[in-house]
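Read through the structure below, which is laid out as structure tokens, and then see the notes.
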Amino acid sequence: MDWDCFLVEEEEDKLRDECGVAGVFLNTKKDTEKKNAKNHEEKNAYSSSDFNAATQVYYALYALQHRGQDSAGIAVSDGVNVQLHKAMGTVAEAFKKDDLLNLTGYIACGHVRYATAGSQSLENAQPILAQTKLGSIAVAHNGQLINYEQLREMLEENGCTFAGTSDTEVIVKLMAKSYKKGLERALTDTIQMIKGSFALVVATEKYLIGARDPNGIRPLCLGRVENGWILASETCAIDAVNGTYVRDVQPGEIVIINEDGVMSFEFGEHTSKRTCVFEYVYFARPDSQIDGIAVTMAREKMGECLARESAVPADVVIGVPDSGLGAAQGYSKAAGIPYASGIIKNKYIGRTFIAPTQKERENMVFVKLNAVRAVVEGKRVVVIDDSIVRGTTSRRLVQILRRAGAREVHFRISSPPVKFPCYFGINTPTRGELISSNHNEEEICKEIGADSLAFISAEGMLEACRACNPHSYGFCKGCFTGEYPMSVPGEINFKKTN
């Protein structure tokens, strides 16, 4: 009998962010090179000047691997030509040693992709490179355009052809179309036409560019590396190349980096910041900081708020690895209930696993997660997770804990019920697939088999974020409330995504 191999996500019943982006610019001026050579012996053994731009982006993408595992790519410029290598799979799968050795240059941009409804194909892998009469443009994009279909149709009517089904290709075509007007004009013309969420990193022969949508829905930050600059989706990528975080790129800001430094200008009208709150709940790595909020602290504060809102008598608090751990520690602290590592995650399951039937694919959680009997047996257990999407993982977690001897299982969720789709770069199931869209809390509790269930309130979640930075403001919470930063044309079925 032939066994088919299916793609199995590490967290099948989770929302998925689409992408991570990174870019590096290394200064090549002679006086800077001499200064670096003179001081080289005083630098750390792990010094960023030991790597060219592509190698640094490679390590940055490794740090952003959690944001996408379907494909990876790097484009690099030596000042004259732009080269590109991209392939399917993780960063380690997409790049071999010779691939990096061939990517020589001082400007690079890179991308890791998680495909949503769009096809998982090399044509849709990023960066996407366009060759024009006036030069090359490589674009890496995290986000989603809500006017993709209209823009693509307009471009096709004007003679443009497309290799794939990515909305990033629309951005590249628009920039190439306006490139004869100059780089700044091409950027502003393009950005004023596209609607939705975007964090862009663009490489040309001479420049590295970063841009963030007017609402700042998707994150992008700026850092220093030895002899240059770095742009990345998260600060953990800056840390990975021994860089220093400088600041976040602001909503509606374009930064252009060349050998003279960093230039910045704003485009369009001022709008309110609406950072995706799910970055703090689940997407971002806990060692990252986004828009002035430390992710790990936000998750702990969410756990504390959850304990204040829905405390329950219990003997132990455990978290679901990995993003539920911070909230579990916060809940334990606020509730005065001991915290323990009660669920272990199998970290050695690859991207594919033999699972020939739907039932066996659903039962993958039994392979991925297991309860520590010594921690939960005979006890009243509070288990903290970051979200419930379809409910399948939660139901199996309850089964795992009861099988290990838990006397009671009380589920607590550090985000509000996910009731609405996301149109801005998160792979959200349709409303019909979202369990909270069709069932109340009591019904969901019964469905997953828990003794009790409670979600944090939307107000409590935002309070937790603001407690980490009193100056923070504005979050996109459309998947919880149905209120979006901009109008969306009904419940769109995105078949063409980045």
Side-chain angles (χ1 to χ4, degrees), residues 17 197 199 210 212-224 231-239 244-253 255 264 266 269-311 319 323-336 339 384 386-387 412-416 424 426 454-481 483-486:
D17 193 15
S197 66
R212 197 172 176 196
D213 69 76
N215 295 108
I217 298 171
R218 304 260 69 86
L220 188 65
C221 56
L222 173 71
R224 288 299 304 257
L231 292 164
S233 293
E234 297 182 34
T235 57
C236 66
I238 298 175
D239 296 334
T244 303
Y245 164 75
V246 174
R247 65 177 179 86
D248 291 278
V249 176
Q250 295 303 305
E253 181 185 13
V255 294
S264 168
E266 294 182 350
E269 299 178 358
H270 285 278
T271 56
S272 300
K273 181 185 286 186
R274 290 291 184 267
T275 309
C276 173
V277 74
F278 237 103
E279 293 286 350
Y280 306 107
V281 173
Y282 173 67
F283 292 140
R285 256 177 50 164
D287 51 333
S288 287
Q289 175 179 305
I290 294 176
D291 287 331
I293 297 175
V295 174
T296 190
M297 295 303 298
R299 290 176 185 168
E300 288 186 17
K301 293 293 184 183
M302 289 175 195
E304 292 177 14
C305 184
L306 190 55
R308 292 193 295 269
E309 290 183 349
S310 58
S323 52
L325 301 181
Q329 292 168 11
Y331 188 102
S332 168
K333 177 182 175 183
Y339 167 83
I384 310 293
D386 55 78
S387 59
R412 295 294 180 269
I413 308 300
S414 58
S415 65
F424 305 112
I426 298 174
F455 296 84
I456 195 173
S457 65
E459 295 76 15
M461 177 183 62
L462 299 181
E463 175 191 325
C465 290
R466 295 187 182 111
C468 301
N469 180 0
H471 302 292
S472 63
Y473 60 95
F475 300 93
C476 177
K477 47 189 185 297
C479 56
F480 306 123
T481 66
E483 299 172 2
Y484 301 102
M486 64 195 79

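Values reported hereafter were calculated over all heavy atoms of this structure, with side chains retained and with hydrogens, waters and symmetry mates removed.
- In this structure, D213 contributes its side chain and P251 its backbone to no donor-acceptor pair below 3.5 Å.
- The side-chain hydrogen bond (donor to acceptor under 3.5 Å, both in side chains) contacts involving residues 295-306 comprise nothing, where partners must be two or more places apart or lie in separate chains.
- A328 is linked by a side chain to side chain contact (heavy atoms under 4.5 Å, CB included) to V317, Y339, I384, counting only residues two or more places apart in sequence or in another chain.
- Ring planes of Y280 and F475: perpendicular class, angle over 60° (limits at 30 and 60°).
- Judged purely by atom type and a 3.5 angstrom limit, D386 has no side-chain atom pairing as donor or acceptor with the backbone of S323.
- Contacts of Q250 classified as side-chain hydrogen bond (donor to acceptor under 3.5 Å, both in side chains), with partners at least two apart in sequence or in another chain: none.
- Pairing each heavy atom of L325 with each of G319, the nearest pair is CD2-O, 3.6 Å.
- With sequence neighbours excluded, the residues satisfying side chain to side chain contact (heavy atoms under 4.5 Å, CB included) with S310 are L306, R412, A454.
- Residues that satisfy the side-chain hydrogen bond (donor to acceptor under 3.5 Å, both in side chains) test with R247, not counting sequence neighbours, are E253.
- Smallest separation of non-hydrogen atoms from I217 and P485: CD1-CG, 3.9 Å.
- Annotation: side-chain hydrogen bond (donor to acceptor under 3.5 Å, both in side chains) contacts of S288 (sequence neighbours excluded): E234.
- Screening residues 324-336 for side-chain hydrogen bond (donor to acceptor under 3.5 Å, both in side chains) gives no qualifying pairs among residues at least two apart or on separate chains.
- Taking CD of E463 as the reference point, atom CE of M302 lies at 11.0 Å (rounded to 0.5 Å).
- The side-chain contact (heavy atoms from CB on, under 4.5 Å) with V277 is formed by just one residue from the set C479, C476, C465; it is C465.
- Residues satisfying the side chain to side chain contact (heavy atoms under 4.5 Å, CB included) criterion with C305, sequence neighbours excluded, are R308, E309, I456.
- Expressed to the nearest 0.5 Å, how far CG of L220 lies from CD1 of I290 amounts to 10.5 Å.
- With rounding to the nearest 0.5 Å, the separation of OG in S233 from CD in E279 is 8.0 Å.
- When side chains are defined from C-beta on, F278 counts as touching S387, because their heavy atoms get closer than 4.5 Å.
- V295 and A284 make their closest contact through CG2-CB, 3.8 Å (heavy atoms, listed as atom of the first residue, atom of the second, distance).
- Of all heavy-atom pairs between I293 and A298, the closest is CG2-CB, 3.9 Å.
- Under the salt bridge (Lys or Arg N to Asp or Glu O under 4.0 Å) criterion, the residue pairs touching residues 282-297 are R212-D291, K273-D291, R285-D287, with sequence neighbours excluded.
- For A199 against P219, the heavy-atom pair with the smallest separation is CB-O, 3.5 Å.
- Partners of F455 by ring-ring contact (aromatic ring centres under 6.0 Å, His included), not counting sequence neighbours: none found.
- Shown here are the side chain to side chain contact (heavy atoms under 4.5 Å, CB included) partners of Q289, two or more places apart in sequence or in another chain: T235, Y245.
- The two residues R274 and G474 have their closest heavy-atom pair at NH1-CA, 3.4 Å.
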